[in-house]
Amino acid sequence: MTKETLAIPELEGVEIHGTTRGAFLLRATLAAGAVYGAGAVAPFVKQAMAQGGMGDVDIVNYALTLELLETAFYKKGESLKLSSEVKKLASQFGKDEAEHVDALTATVKKLGGKPPKKPTFTFPVKDEKSFLELAVTLEDTGVSAYNGAAPMIKSKDVLKAAGTIVQIEGRHAAAIRLAAGEDPAPEAFDKALEMQAVLDAVKPFIKA
Amino acid sequence: MTDTQSTMEVLASDPSSRKRFLKMVGGTGAASAFAVFLAACGSDDDDKSSGAPEVSKPSGSKASGKDVKSDLEIVNYALTLEYLEADFYKQVIESGEVKDKKVAELAMKIGENEQEHVEALTATVNQLGGTPAPQPTTKFEDVISGGPDMILKTAAEVENLGAAAYLGQAGKIKSPEILAAALSIHSVEARHAAALNTLIGKSVTPDGAFAKPASMDKVLKAVKPFIAS
């Protein structure tokens, strides 16, 4: 297994491990393209595409892990003192995420895979401000995770299902951002994040 | 009847808007980061020495030509919807009907996003070797003269429809790169829809935990009242 770090500002420090290297290369190459011009990176794109990425079961299990995390996060919100507006959002979004968990669990089983064991989570939130801050991060990351993984999905049905979920994640992200007094759509194009970058981002919240 | 024909029927444009459109995308208007994104993706068939990669045109293999044509139809369809949205917000801002500063600012920001989508999708069509859909002449006068409530209600409607429109095409796009591009816009439309739903006191997730897609036919019918030609 090779590890490497690419010298691209927005991706700096992201370690790539064997399984997702091909997929990562694609993203990294695109980022490089944006910086250095497309011509220079064309051969790498071809290589990255040829290497492919994960299987559908891996992708769905990855999404499932993120939905478990979000569900646990909103559950944690119930123990905080929140304004009625935020409480309402948290309760609704927690329900949505739980439905995503159920749907993705069923999908993994249908594909003949085994759903991951539910991790134990820990969230450094103590009040509404810290809760909203982390909610923004988690929902934005969720959107980028789906957007990054979806093009690698092989089954059209699984892809469509992922689409129906990522739109909800985008809606959550916008509503939470509004509640936090932030721009609901800070960029015209939502980022696509590679799996390893997402897992690194959520790692601090996974206890075991 | 193919989708292209139905799209074209709905969107038949007049010569003046065509001229405006050509002028706009003429020069280097397409040089967004997004164009580079696609340029980097679409170079599989190029030889190594080529400095300006291009997606293979329909003259390639039969299957890939068909795929490119199908993707082109979808991108042009998306482009048409983005034109509508961009023009709507432009007219809303110009009308000065929205007095609430925060709301006006949001409308302006969303409008800027839509304009970026227009440019990106135009670049994408060019990248694929196609002809970008013409900018439709819109008909939002009645909505805008209806005042802020009517404007926001319509904006929410159009954004929810836009998100559903992208979702409806997700399973149909052949190129993974175009799919990635469409997804990066889809979730932004979802954000717009949720923000506007919040403003008008509607649920941010009106379909529940899973968003509903909309077909091209349904979407084009729904936006027809806003298209003059």
Side-chain angles (χ1 to χ4, degrees), chain A residues 26 29-35 37-46 49 89 92-93 95-100 102-103 143-144 146-148 150-152 156-157 159-175 177-179 183-192, chain B residues 33-46 48 50-53 106 109-110 112-117 120 163-164 166-168 170-172 175-177 179-181 183-199 203-205 207-213:
Chain A
L26 173 62
T29 309
L30 295 178
V35 177
V41 297
F44 299 114
V45 172
K46 194 169 178 183
M49 290 304 281
L89 287 182
Q92 179 59 52
F93 294 178
K95 266 188 235 161
D96 292 341
E97 311 299 7
E99 284 193 50
H100 296 166
D102 291 347
V143 170
S144 293
Y146 276 96
N147 281 355
M152 289 186 278
K156 287 288 172 204
D157 288 338
L159 170 63
K160 283 184 204 165
T164 67
I165 295 179
V166 67
Q167 185 178 125
I168 300 303
E169 303 298 333
R171 287 169 180 269
H172 288 175
R177 281 178 156 272
L178 273 184
D183 188 345
E187 287 170 282
F189 307 95
D190 272 325
K191 281 193 194 73
Chain B
F34 202 80
V36 178
F37 171 101
L38 285 155
C41 297
S43 52
D44 282 23
D45 299 329
D46 273 21
K48 288 172 224 84
S50 170
L106 181 67
K109 276 191 175 165
I110 295 181
E112 282 167 12
N113 286 167
E114 311 300 10
Q115 185 56 39
E116 282 192 56
H117 296 166
Y166 276 94
L167 185 54
K172 297 193 165 85
S175 149
E177 291 79 22
L179 174 61
L183 285 167
S184 77
I185 298 179
H186 165 246
S187 48
V188 171
E189 299 297 328
R191 287 172 184 268
H192 295 167
L196 288 159
N197 279 10
T198 303
L199 286 186
S203 164
V204 293
T205 52
D207 297 334
F210 304 92
K212 287 203 176 78

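Numbers restart at 1 for each chain; the letters A, B, ... are given by sequence-line order, proteins then strands. As the structure is a prediction and not an experimental result, all values here were calculated from the model.
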Heavy-atom check, side chain of Pro184(A) versus side chain of Ile110(B), under 4.5 Å: no

Engaged part of Glu187(A) at the chain B interface, taking heavy atoms whose separation is under 4.5 Å: backbone

Residue part contacting chain B, namely of Asp157(A), when any heavy atom lies under 4.5 Å: neither

Point-to-point distance, once rounded to the nearest 0.5 Å, from CD1 of Ile168(A) to OG of Ser187(B): 12.0 Å

Rounded distance [0.5 Å steps], CD in Gln92(A) versus CG in Asp96(A): 4.5 Å

Partners meeting salt bridge (Lys or Arg N to Asp or Glu O under 4.0 Å) with Asp102(A) (sequence neighbours left out): none

Any pair counted as salt bridge (Lys or Arg N to Asp or Glu O under 4.0 Å), so long as it reaches residues 183-196 of chain B, sequence neighbours left out: Asp140(A)-Arg191(B), Asp190(A)-Arg191(B)

Portion of Asp207(B) that has a non-hydrogen atom of chain A nearer than 4.5 angstrom: neither

Part of His117(B) lying under 4.5 Å from any heavy atom of chain A: both

Pick from Leu183(B), Asn197(B), Thr198(B) with the largest number of heavy-atom pairs that fall under 4.5 Å of chain A: Leu183(B)

Residue, of Pro213(B), Ala170(B), Ala163(B), that accumulates the most heavy atom pairs under 4.5 Å with chain A: Ala163(B)

